[in-house]
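What follows is one structure encoded as structure tokens, with my remarks underneath.
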Amino acid sequence: MVYRVIAGLIGAIMTVTAISWIFDPSAAAASLGMPYLDGLARSTQLGDFTAFFVFTAVMCWLGAITQQGHYLQSAGLLLFLAAVFRTLAWAIYGAAFATDFIVFEVVCAGLLSFSASRIGRDANII
């Protein structure tokens with residue numbers, strides 16, 4: 001049960017962020033430390049970031065509801081890759097090191113991976 005709650009909590013955070021990208025994208029961009037872009041760049045910004053958060057939320061919710069770990073692994077992998085590429089942006093391209101975001105992504109990825117490895121076991125016990 002606790003593994004479903006973990007996935008659901010992470011899913012809730014991702015859902016709130018996705019909703020922000022849909023209904024108040026300028027605030028969502030600001031919350032991630034970026035300007036709200038114009039023109040084609042805005043289309044890319046809104047499309048990519050909304051898709052990122054909606055996908056992660058959906059995978060978390062599906063994993064929590066169906067108790068299928070592969071959904072949680074998908075969400076965890078996406079978050080982990082975001083942390084990896086943020087780190088590469090810092091190391092290679094001179095971006096600011098986004099400590100808070102990287103830590104959050106790695107912790108959530110770890111929790112989702114751990115939950116994925118355990119969630120099926122809970123389903124079999126009940």
Side-chain angles (χ1 to χ4, degrees):
M1 179 67 162
V2 70
Y3 310 113
R4 296 174 78 185
V5 171
I6 291 168
L9 288 174
I10 295 171
I13 293 167
M14 296 299 151
T15 299
V16 168
T17 306
I19 289 169
S20 181
W21 276 105
I22 294 166
F23 294 107
D24 192 2
S26 62
S31 76
L32 294 177
M34 69 177 74
Y36 186 49
L37 303 174
D38 291 318
L40 188 56
R42 181 177 292 177
S43 175
T44 300
Q45 184 181 37
L46 294 178
D48 291 356
F49 280 94
T50 305
F52 177 95
F53 288 105
V54 168
F55 174 83
T56 307
V58 167
M59 291 297 105
C60 288
W61 289 116
L62 283 173
I65 292 167
T66 66
Q67 299 182 55
Q68 297 293 313
H70 61 275
Y71 294 119
L72 303 181
Q73 290 171 336
S74 297
L77 178 60
L78 184 61
L79 289 168
F80 179 73
L81 289 173
V84 167
F85 291 115
R86 281 183 193 275
T87 304
L88 287 175
W90 164 77
I92 298 171
Y93 298 107
F97 190 73
T99 305
D100 293 343
F101 294 126
I102 293 168
V103 167
F104 177 78
E105 290 159 352
V106 169
V107 167
C108 286
L111 287 170
L112 288 169
S113 179
F114 179 72
S115 294
S117 73
R118 301 285 191 250
I119 200 163
R121 292 181 188 177
D122 278 359
N124 293 333
I125 293 171
I126 295 176

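- The shortest distance between side-chain heavy atoms of V16 and F53 does not fall below 4.5 Å.
- By the rule that hydrophobic residues join a cluster once side-chain heavy atoms approach within less than 4.5 Å of another member, V106 and F101 end up as members of separate clusters.
- You'll find the side chain of I13 reaches within 4.5 Å of the side chain of F104, heavy atoms only.
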Would you check, one step at a time, whether the test side-chain contact (heavy atoms from CB on, under 4.5 Å) holds for F55 with S74?
CA-CA 9 Å; F55 174 83; S74 297; 4.2 Å; yes
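- Considering every non-hydrogen atom in both L112 and A75, the closest pair reads CD1-CB, 3.8 Å.
- Rounding to the nearest 0.5 angstrom, the gap separating the CD1 atom in I10 from the OG atom in S115 is 6.5 Å.
- The main-chain N or O of L40 is found under 3.5 Å from a side-chain atom of T44 such that the two form a donor-acceptor pair.
- Put simply, CZ on R86 and CG on L81 are 12.5 Å apart, with the number rounded to the nearest 0.5 Å.
- Atoms CE and CD, on M1 and Q67 in that order, are 9.0 Å from each other to the nearest 0.5 Å.
- Within the model, atoms CG of L9 and CE of M14 stand 11.5 Å from one another, a figure rounded to the nearest 0.5 Å.
- Contact between C60 and L72 at its shortest, heavy atoms only, is O-CD2, 3.8 Å.
- Checking side-chain atoms of Q45 against main-chain N and O of L37 turns up a donor-acceptor pair under 3.5 Å.
- V54 and W21 fall within the same hydrophobic cluster, defined by Ile, Leu, Val, Met, Phe, Trp and Tyr side-chain heavy atoms under 4.5 Å apart, directly or through other members.
- What you find for A57 and G11 is that their closest heavy atoms are CB-O, 3.9 Å.
- In plain terms, the two heavy atoms of G76 and A109 that are nearest each other are O-CB, 3.3 Å.
- For the pair R4/I119, a side-chain contact is recorded, criterion being any heavy-atom separation below 4.5 Å from C-beta on.
- Proximity of R42 to L46: side-chain heavy atoms (C-beta onward) are separated by under 4.5 Å at one or more points.
- Contact annotation: the side chain of F52 approaches that of L79 to within less than 4.5 Å [non-hydrogen atoms, C-beta and beyond].
- Annotation: the span from E105 atom CD to T87 atom OG1 amounts to 8.5 Å, rounded to 0.5 Å.
- Two residues are said to be in side-chain contact when any heavy atoms from C-beta on lie closer than 4.5 Å; F49 and M34 meet this criterion.
- The hydrophobic cluster containing I6 does not contain W61, counting ILVMFWY residues as joined when their side-chain heavy atoms lie under 4.5 angstrom apart, directly or transitively.
- In this structure, the separation between SG on C108 and CG on L78 is 11.5 Å, given to the nearest 0.5 Å.
- No continuous path of hydrophobic side-chain contacts links L32 to F80 [ILVMFWY only; heavy atoms under 4.5 Å].
- Scanning all heavy atoms of the two residues, the minimum distance from A29 to P35 falls at CB-O, 4.0 Å.
- Aromatic ring pairs are classed by plane angle as parallel below 30°, tilted from 30° to 60° and perpendicular above 60°; the pair F114 and Y3 is perpendicular.
- When every heavy atom of P25 is checked against every heavy atom of Y36, the shortest pair comes out as CG-OH, 3.4 Å.
- Using cut-offs of 30° and 60° on the angle between ring planes, the pair F97 and W90 is perpendicular.
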